[in-house]
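These notes are about the structure you will find just below.
Each chain gets a letter, A, B and so on, in the order its sequence line appears, and its residues count up from 1. Just so we're clear, the structure is a prediction, and the values are computed from it rather than from any experiment.
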There are 2 protein chains.
Amino acid sequence: MKEETPDQEALPKEAPHKETVTQRAIEQIKAMIAQGRLEPGQRLPTERDFAAQLGLSRSSMREAIRALTVLGVLEARHGSGVYVTQLEAGDLLETFGVVADLSRGPQLAELLEIRRIMESSATALAAARITPEQLGVVEAHLEAMRLTEDPERILAHDLAFHRAIAVAAGNETLAVLLEGLSSRTFRARVWRGYREEGAFERTRREHERIHRALVARDPEAARAAAAAHVGEVERWLRLQLDQGTPLPG
Amino acid sequence: MKEETPDQEALPKEAPHKETVTQRAIEQIKAMIAQGRLEPGQRLPTERDFAAQLGLSRSSMREAIRALTVLGVLEARHGSGVYVTQLEAGDLLETFGVVADLSRGPQLAELLEIRRIMESSATALAAARITPEQLGVVEAHLEAMRLTEDPERILAHDLAFHRAIAVAAGNETLAVLLEGLSSRTFRARVWRGYREEGAFERTRREHERIHRALVARDPEAARAAAAAHVGEVERWLRLQLDQGTPLPG
DNA sequence: CTCGAAGAGTGGTCCGACCACCTGTGGGAT
DNA sequence: ATCCCACAGGTGGTCGGACCACTCTTCGAG
């Protein structure tokens with residue numbers, strides 16, 4: 001560690017960082033998109049041509065394309081070509097679920113706290129902005145949860161219930177982000193032990209409380225209800241962690 | 001867009017999805033980590049061996065490894081081997097900056113709204129939890145911003161100021177997420193035109209207002225101050241978008 | 001005992017070949 | 001003239017091998 005300008009406070013330092021050819025290609029392609037030289041939906045040159053243009057082998061170019069593909073920036077269609085995605089929230093945040101899938105222990109608790117923050121705000125926004133039709137969708141999922149006892153379907157409608165609310169909040173990016181946080185694996189893991197504690201009935205009441213706040217168009221009540229809802233799961237999870245109970249997964 | 005079976009409520013539909021060999025390898029490796037068969041910091045078999053184990057060529061295996069590398073799940077060290085990262089927030093959320101970098105227009109506004117939600121909550125949490133030392137760091141960056149006029153350094157300390165607060169909120173994941181949202185490129189783009197409207201002095205006052213709320217340990221005041229701070233940038237951005245002004249970048 | 005050089009092993013890059021798939025085209029049937 | 005389909009070319013997907021750059025360990029010289 002060598003400090004140069006020991007100013008007031010430490011500022012970010014950028015290492016020289018070995019530049020691998022593939023990494024540079026990734027940066028170049030990203031830059032092309034950022035600069036508008038490649039637009040959403042546009043088709044890229046063929047892997048062979050593009051590799052020649054940027055001065056690297058097809059193998060390395062393929063790795064770069066694969067990397068940008070998993071990031072949701074590019075999309076490869078076998079036999080057709082490689083295209084830039086629409087670069088919408090749904091495309092770029094698809095990978096966000098990985099974070100939830102691979103996080104564990106204390107980090108899972110932190111993610112749940114973040115979800116509580118965003119879910120409560122989203123629900124509050126929804127209370128102010130929701131349209132009758134959107135409210136109908138919310139109610140449909142609520143009703144569907146009441147009519148079945150299949151855990152799979154309950155969970156699916158639970159997710160859809162919250163997503164419908166997030167969409168009604170009018171921020172698609174927020175909705176996608178929340179969906180990632182409540183991804184199948186994430187919720188399934190927590191739910192596995194959660195449901196066995198009779199928390200099922202309570203969950204239903206919490207959902208109805210959220211619904212009432214939406215109907216009343218009361219943002220603060222909605223915020224409180226949503227925060228309490230997520231907070232319950234959060235509390236249970238922290239309890240498990242304190243007890244040293246190993247999480248399934 | 002074609003709507004099919006607008007039944008009660010649409011539930012997620014999973015396409016058959018062509019399974020490319022590389023994609024399957026990615027899933028397999030992710031599963032191994034999720035199941036604990038591969039632990040943080042652990043070294044993977046060599047590319048050649050691992051490829052043989054999973055029954056594919058080294059080329060395809062390399063693409064899978066590259067993909068998981070950009071996601072922050074794996075780390076390849078030239079000449080040494082491939083390792084699982086610590087799977088901490090900093091590792092997995094590194095890619096989040098890409099979203100901010102490649103978003104534009106209305107999507108940028110949505111991201112800013114998300115930042116406002118999280119920043120205000122983080123600041124509120126910080127007001128309740130911040131330690132004297134952490135407060136000292138915050139003040140140092142505040143002072144540093146006052147003492148220089150170099151936009152580069154001001155911006156750097158601005159970022160560090162907010163990051164210090166987020167860290168004080170006690171949620172590292174939240175801090176990393178916010179850092180991604182306020183990434184260099186993202187803020188630089190918005191700032192470019194923003195500072196020229198005399199908003200610079202106002203920004204300083206807003207920062208001081210946040211600081212006072214932290215000193216007073218007043219979460220609600222802190223929340224309001226942070227929300228107003230981000231809200232100002234948000235308002236300006238929406239104005240630009242309404243005017244159809246093309247964003248730089 | 002210390003230290004540096006050499007070797008083995010690893011990821012990084014490149015090449016060429018072949019396969020699977022899509023798409024546009026052209027000729028045939030209607 | 002119109003429609004349909006087989007076909008051929010082009011594209012991404014996969015494979016195997018070769019060589020380079022780097023790291024780490026080991027062992028011999030000092």
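- Toward the 5' end of DNA chain D, the nearer of the two residues A/Gly79 and A/Ala76, judged by each one's closest nucleotide, is A/Gly79.
- B/Gln107 has its side chain within reach of A/Leu92: a pair of non-hydrogen atoms, C-beta onward, lies under 4.5 Å apart.
- Looking at the side chain of A/Ser59, the nearest of the listed nucleotides C/dC15, D/dT14, C/dG11 is C/dC15.
- Backbone-only contact: A/Leu56 has heavy atoms under 4.0 Å from sugar-phosphate atoms and none from a base.
- Residue B/Glu63 contributes atom CD, which lies 14 Å from atom P of C/dG12 at whole-angstrom precision.
- Side chain of B/Ser57, nearest nucleotide from C/dC15, C/dG11, D/dT14: D/dT14.
- For D/dT14, the OP1/OP2 oxygens have a side-chain nitrogen or oxygen of B/Thr22 closer than 4.0 Å.
- In terms of phosphate contacts, A/Arg66 brings a side-chain nitrogen or oxygen within less than 4.0 Å of OP1 or OP2 of D/dT14.
- No N or O donor and acceptor, one from the side chain of A/Ser80 and one from the base of D/dG12, sit under 3.5 Å apart.
- Rounded to whole angstrom, the span from the CZ atom of A/Phe50 across to the C1' atom of D/dT11 amounts to 16 Å.
- Counting to the nearest Å, the P atom of D/dT11 and the CG atom of A/Asp49 are 7 Å from each other.
- A donor-acceptor pair is defined here as one N or O able to donate and one able to accept, closer than 3.5 Å; no such pair exists between the side chain of A/Arg115 and the backbone of A/Leu181.
- A donor N or O paired with an acceptor N or O is not found under 3.5 Å between the base of C/dG9 and the side-chain atoms of B/Arg48.
- For B/Arg24 and B/Glu27, the salt-bridge test fails: no basic side-chain N is under 4.0 Å from an acidic carboxylate O.
- Using a 4.0 Å heavy-atom criterion, one finds that A/Ser60 contacts the sugar-phosphate atoms exclusively.
- Side-chain nitrogen and oxygen atoms of B/Thr20 include none within less than 4.0 Å of the OP1 or OP2 phosphate oxygen of D/dG12.
- The phosphate of C/dG12 (OP1 or OP2) has a side-chain N or O of B/Arg62 nearer than 4.0 angstrom.
- Remark: A/Arg58 pairs with A/Glu47 by the salt bridge (charged side-chain N to carboxylate O under 4.0 Å, His left out) rule, at least two apart or across chains.
- As a whole-Å value, the separation of A/Glu19 CD from C/dT13 P is 11 Å.
- The separation between B/His78 atom NE2 and D/dC24 atom C1' is 13 Å, rounded to whole Å.
- Atoms CZ (A/Arg43) and P (C/dC22) sit 14 Å apart, rounded to a whole Å.
- Here D/dG12 is the nucleotide among C/dC14, D/dG12, C/dG11 with the atom lying nearest to any side-chain atom of A/Glu47.
- With hydrogens and angles left out, the side-chain atoms of B/Gln86 and B/Asp91 include no donor and acceptor closer than 3.5 Å.
- When rounded to the nearest whole Å, the span between CD1 of B/Ile65 and C1' of C/dG12 equals 12 Å.
- In this entry the distance linking CZ of B/Arg58 with P of D/dC19 reads 14 Å, nearest Å.
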